[in-house]
Structures are given as structure tokens and as C-alpha cells.
Number of protein chains: 2
Amino acid sequence: MSKSRPHVTEAELAVLEVLWEQDRATIRAITDRLYEAGSTSEYATVQKLLERLEAKKLVARSRSSVPHVFRARVSRERLIDSRLRDVADALCGGSMTSLLTQLVSGGKFDAEDVLRLRELVEKLDSRREKRS
Amino acid sequence: MSKSRPHVTEAELAVLEVLWEQDRATIRAITDRLYEAGSTSEYATVQKLLERLEAKKLVARSRSSVPHVFRARVSRERLIDSRLRDVADALCGGSMTSLLTQLVSGGKFDAEDVLRLRELVEKLDSRREKRS
DNA sequence: GATTACTCAGTCAGGTCGTCTGAGTCTGAG
DNA sequence: CTCAGACTCAGACGACCTGACTGAGTAATC
């Protein structure tokens, strides 16, 4: 988390979810999406969350028009990756490989999961070979 | 995290690490391990951390002797798994499979990693077949 | 009997997080 | 022009968490 991996709060995440879903959105749109009602204070809450997300460079704000338009600067995939890295740092000495090993050997996966995983490994392997 | 998956603090984790390393330990032993000095207040800090860990059922305390002897009730592997589950819940709709897919396809792994992963998948597959 | 180590309960400051308020700005309708 | 409504921006707030610390009481040891 420390290494330029700011923590994303649950409420902040909810905002990001909307941005992932809608690509671009105003505070109003996000507020209505999250709260239905969209009162003044709820609007302000979303505003503050966006402000913090912007400070963490996780969303971009376009000030060229009013109301401002926001978009996510980070994908869900990157966020997942960053959280996994946090876990690896905290519990696996920073090794993503250990984490992966742990996840694979520990989890319960059915036939379909294993099949998909196998395909994924194949793809990974061939991609790696091509690089070298 | 909510589902009987209490959050483990960094300081609490440091205590757990010692317990994993030493199996059983007194507060004194843990304090000396973590702080070298082992002053009164540091001792009390460790004590409080153990108290909280005990409340979370992550360590067991034997009161039959004084000083009390502590041991971990959760392995590093289980803790990793629980954190991964947190990530899955927060970002993958609770699906560990999605998380796994993300981890495999997103991470940078070298030839050795891929080889090990492949073996792991084999093992997982045969284990699964045996079960059915 | 005093010292030392330990347990147990409680406190405390600093930080984070979600929420909310208020002051000021801009714009469009009447 | 003026007013109302929507928006931005800065700040504050209480609740909570976390690590650190204190003090009172108890048991053991010399």
C-alpha cells in the first residue's frame, strides 16, 4: 500500500464502480446512481470522495465544462492487482508468485475452473516464449 | 472482511509472525523479539495486541501457567486466503476464480514461475479427478 | 517485607472515513 | 437586471480504529 498504492475506501470504490460502468459522469449522475434521492449532502459526499480520488490520481476531472466531468484513471484490473500486491507485501514477502501458489493450492476450484486455468497458463507460457 | 473475517492490523500481524516462528511464546518473548529493548510500555503494547488477537480468535492463550503462553490459532496460509477473499468480495463479486484469472493474466511471471504453476495445475487437476 | 514480573482494565492522541455545512460563483429564466 | 437553482470549494464534525501508554492489583522470589 505504501508504494504509491493508496488505499481505496469502500465508499470511494462505489464511486469508481459507477465510473467504470458509465465511463464519464458528473457528480450529479454519480450521486443519483448511488443514492436515488440525491440530496445536497449526499451530493457533497460524492464530491468529497471524488476530490480524494482525484488527489490519489485514481480519477481525472475535466474542468473545461461545468459541471465537471469525471472519469476513472485506473481500471478494475489494476486495482485488483494493486490489492493483490498489498497482500503479497504483507504476507508473502512481496512475492506475487508465492501468493499465486497459495491461491491455487488453497482454493477450491471445480473442473471448469481448472480447465480455464490450464488454458490461461498455456497462453501465458506461449506469450512468454514469444518474448524471449 | 465482514463475514467473520476480522481485520488484522500491521502490528497484530507482526505478533502473529513471531508466533508462527516460535509456535508458543510468552508476552515477554514476543516483546523481546519485536523490540529488543522490551520496556514496560512496549510489553503492554504487545499485551494489548495479543488481547485483541485473542478476541478475534486468532491466537489462543493458555492460562494454566504464569506467565501465560500464547499460540497462533490461524496459519499464515489461512490468513492469506482470508485476505484474498476480501479482495474477491470487494472487487470480483466474491469470485475467487475471477481473482485467480486476474492474478495469472495480470502478473509478470518468468519461466520458472510458469513451470511451477503448470505443475500446480496438474496436481490440482489430478486431485480433483480422484475426488470425483 | 520489599522487589520484581505479570495480568487486567482503562485511557489517550493521531489518523481515517463518511457525512455535512456554508460561502462564493455561474447561468439561465422571468 | 435580478433572482433561483445548480455547482465548486474549503472546512469541519463525530465515529471509529490503531498503536502506545499508565496505573492498580496480584503472585512469586529473595
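Per chain, numbering begins at 1; letters A, B, ... match sequence-line order.
For the pair B:D89 and B:R85, the salt-bridge criterion is not met [side-chain N within less than 4.0 Å of a carboxylate O].
Within the shown strands, C:dG10 is the pairing partner of D:dC21 under the Watson-Crick or G-U definition, both distances less than 3.5 Å.
Under 3.5 Å, the side chains of B:S39 and B:E42 contain a donor-acceptor pair of N or O atoms. Side-chain atoms of A:R61 and A:H68 include a donor-acceptor pair closer than 3.5 Å.
Checking D:dT22, D:dC9, C:dT7 against every side-chain atom of B:Q47, the shortest atom distance belongs to C:dT7. Distance from the side chain of B:H7 is smallest for D:dT18 among the nucleotides D:dC21, D:dC9, D:dT18. Checked against D:dC7, C:dC20, D:dA20, the side chain of B:T45 finds its nearest nucleotide in D:dA20. Closest approach to the B:P67 side chain among C:dC6, C:dT21, D:dC21 is made by C:dC6 (side chain taken as heavy atoms from C-beta onward).
Partner of B:E17 under the side chain to side chain donor-acceptor pair (under 3.5 Å) criterion, out of B:R76, B:R33, B:Q22: B:R76 alone.
Contact between the side-chain N/O atoms of B:Y43 and the OP1/OP2 oxygens of C:dT7 is found at a separation under 4.0 Å. In terms of phosphate contacts, A:Y35 brings no side-chain nitrogen or oxygen within less than 4.0 Å of OP1 or OP2 of C:dC20.
The interatomic distance linking A:E54 (CD) with D:dA10 (P) rounds to 11 Å, in whole Å. Atom pair B:L50:CG and D:dT18:C1' shows a separation of 15 Å (rounding to whole Å applied). Between the CZ atom of B:R63 and the P atom of C:dC6 there is a distance of 16 Å, rounded to whole Å. The NZ-P distance, from A:K48 to D:dA10, rounds to 8 Å in whole Å. The separation between A:L34 atom CG and C:dT19 atom C1' is 14 Å, rounded to whole Å. Straight-line distance from the CZ atom of B:R52 to the P atom of C:dA9: 14 Å, rounded to whole Å. Remark: C1' of D:dA20 and CD of B:E10 are 15 Å apart, rounded to the nearest angstrom. Spacing between atom NE2 of A:H68 and atom P of D:dC7 amounts to 11 Å, rounded to whole angstrom units.
At a threshold of 4.0 angstrom between heavy atoms, the contacts of A:A44 include nucleobase atoms, whether or not backbone atoms are also involved.
Checked against side chain to side chain donor-acceptor pair (under 3.5 Å), B:K57 has no partners two or more places apart in sequence or in another chain.
With hydrogens and angles left out, the side chain of A:E51 and the base of D:dC9 share no donor-acceptor pair within 3.5 Å.
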**Report entry** side chain to side chain contact (heavy atoms under 4.5 Å, CB included) between A:L13 and B:L91, intermediate numbers included
**Finding:** CA-CA 9 Å; A:L13 182 56; B:L91 288 164; 3.6 Å; yes
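Interface residues of residues 17-33 of chain A facing DNA chain D, ordered by number: A:I27, A:R28; criterion, heavy-atom separation under 4.0 Å.
In B:R28, the CZ atom is crowded: over 12 heavy atoms of neighbouring residues, nucleotides or ligands sit closer than 6.0 Å.
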